[in-house]
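Both backbone and side-chain heavy atoms feed into the values below; hydrogens, waters and symmetry mates do not. Here is how names work: the chains are called A, B, and so on, in the same order as the sequence lines, proteins then strands, and each is numbered from 1.
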There are 2 protein chains.
Amino acid sequence: MNHLSHFVHTLPDTAPKTARGQKTWVRILEAAEQEFGEKGFHDAAITGITQRAGVAMGTFYVHFKSKEEIFRTLIVHMGKLTRSWIGQRVAEAPSRLEAERMGLQAFIEFVRQHKNLYRIVNEAQFVAPEAYRDYYAAFSQAYQRRLDEAVGRGEIEPGNNEHRAWALIGASVFLGQHYGIWDDSVDLQDVTSNVGDLIVNGLSRKGDGKTDNKGDRE
Amino acid sequence: MNHLSHFVHTLPDTAPKTARGQKTWVRILEAAEQEFGEKGFHDAAITGITQRAGVAMGTFYVHFKSKEEIFRTLIVHMGKLTRSWIGQRVAEAPSRLEAERMGLQAFIEFVRQHKNLYRIVNEAQFVAPEAYRDYYAAFSQAYQRRLDEAVGRGEIEPGNNEHRAWALIGASVFLGQHYGIWDDSVDLQDVTSNVGDLIVNGLSRKGDGKTDNKGDRE
DNA sequence: TTTCAATATGACGGCTGATTCATGTCTTGG
DNA sequence: CCAAGACATGAATCAGCCGTCATATTGAAA
């Protein structure tokens, strides 16, 4: 909720000029996050947003051109917020492999604390496809860069890090959906240590040293 | 497109009684897939569906109770279709590990051939959440069962297969989104062999035999 | 051939909700 | 203090489209 006070740092070029205007701008955006998060884009009403914000209908259009515009603004902001949260947590990791586990954990925790945000981002796929792609493209690029660096340091096996990044992001998103939104009672440590192991070691049996996937017996 | 003739096998209890009625039922469903796929649920119009189907407005309501009902019908059908497609392809796999690669490949191919379906299923998250959860729950259960069996046969390392299943499904879905919908020019073999290797062997360097993720140097 | 349940029709009622606009009230620089 | 721009107001406008209904047609069983 009050993470949205971060909006203060995201004031666009079209930002309100006066302190009064800025305060209203932020309050409308906060209200929009709740409204969109609870009802979804289509069921959300401008009047719902303005009522939550305690302003009149018309005030909305003083600050935003349309329902879609405020939605896009929200997406951009949330991308920044999520990446900075995870980046901070992952920065403490001793190695890339450990970072995988910590990043996953940080992500699901974040989802649990920002269910509205999560829903809004997902819905962007249909409401604002450009914003949605940009959102994940930013994640993917950051992820790839980290993987590249880890390969450079010899921490992980070389491989196509773009493909890897999308696969790992997808895994995180679905785990976030399942264990963050649908069932937030599950112990996170449990999930992340299991999946962390999957990411680090894969499914294959330890000890038969097999790396190729060709020609099994039978 | 003509995969929808499979609808014939999905006739519900409320199905039309006569051959004429069934034919109409199927045509409306086919039309709905196109309309929803192209415009999304909210921008899709009943008149759009009936025009594509070549029937009058009212005919729609002879066969379906509402816009949402036909949408849910579509989701259920598509779940069956997808699982059967992948199941068939995966059945030919010599081992669970190879099945992972083949399953991923089959899935992305399927997505490329059914972009409408893909969009509709994703949108179900907001239009028909129950149907959406059921859709993925069915996948997850099937996936878990296969992993359990593979563990039983000693093909893969034991671990929490529920967590694994969600992670792997998420990876597939995102790879499908990226390499199936957004960029379908990429060579699939390339993607699936890379990601297949990630799933089977993980990120860790081969040869340092490390299995734990505790206490690295530095 | 007769009958009637199943199926088809499409104009219309009704509601919702985004956006506009004409009119006020602040706030600030000079 | 006083413009003049910035900001706020909310009733009115306007458009879209879901779902209903009274009526017509079909076709298969009797």
Mapping B/Gly58 and A/Val55 to their closest nucleotides on DNA chain D, which lands nearer the 5' end? A/Val55
Contact check, side chains of A/Phe126 and B/Arg119, non-hydrogen atoms, under 4.5 Å: yes
Please state how far atom CZ in A/Phe64 lies from atom P in D/dA8, giving the value in whole angstrom units. 11 Å
Protein-to-nucleotide contact annotation, 5' to 3' order, nucleotides 25-30 of chain C [B base; S sugar-phosphate only; - none; under 4.0 Å, heavy atom]: -SS---
Check the distance between C/dA8's P and B/Gln22's CD and give it to me in whole angstrom. 11 Å
Closer than 4.0 angstrom, basic N to acidic O: yes or no for B/Asp184 and B/Lys115? yes
Looking only at heavy atoms, which two atoms of B/Leu117 and B/Leu81 are closest? And how far apart? CD1-CD2, 4.4 Å
Whether the B/Tyr179 and A/Glu162 side chains hold a donor-acceptor pair (N or O, under 3.5 Å, no angle test) is what I'd like checked. yes
A/His63 side chain N/O closer than 4.0 Å to the phosphate oxygens (OP1, OP2) of D/dA6? no
Any side-chain N or O of B/Thr24 below 4.0 angstrom from OP1/OP2 of C/dT7? no
In terms of side-chain geometry, is the basic nitrogen of A/Glu30 or A/Arg27 positioned less than 4.0 Å from the acidic oxygen of its partner? no
Electrostatic pair B/Arg72-B/Glu130, nearest N-O below 4.0 angstrom: no
Could you go over nucleotides 13-19 of chain C and give all protein N or O partners under 3.5 Å, atom names and distances?
unit_1, atom_1, unit_2, atom_2, d
C/dA18, OP1, A/Ala44, O, 3.0
C/dA18, OP1, A/Lys67, NZ, 3.0
C/dA18, OP2, A/Ile46, N, 2.9
C/dT19, OP2, A/Tyr61, OH, 2.9
C/dT19, OP2, A/Lys67, N, 3.2

Using a 4.5 Å cut-off on heavy atoms from C-beta on, say whether the side chain of B/Gln144 contacts that of B/Ser140. yes
Tell me the interatomic distance from B/Glu35, atom CD, to D/dC17, atom C1', rounded to whole angstroms. 12 Å
Hey, are B/Arg146 and B/Glu149 close enough for a salt bridge, meaning a charged N less than 4.0 Å from a carboxylate O? no
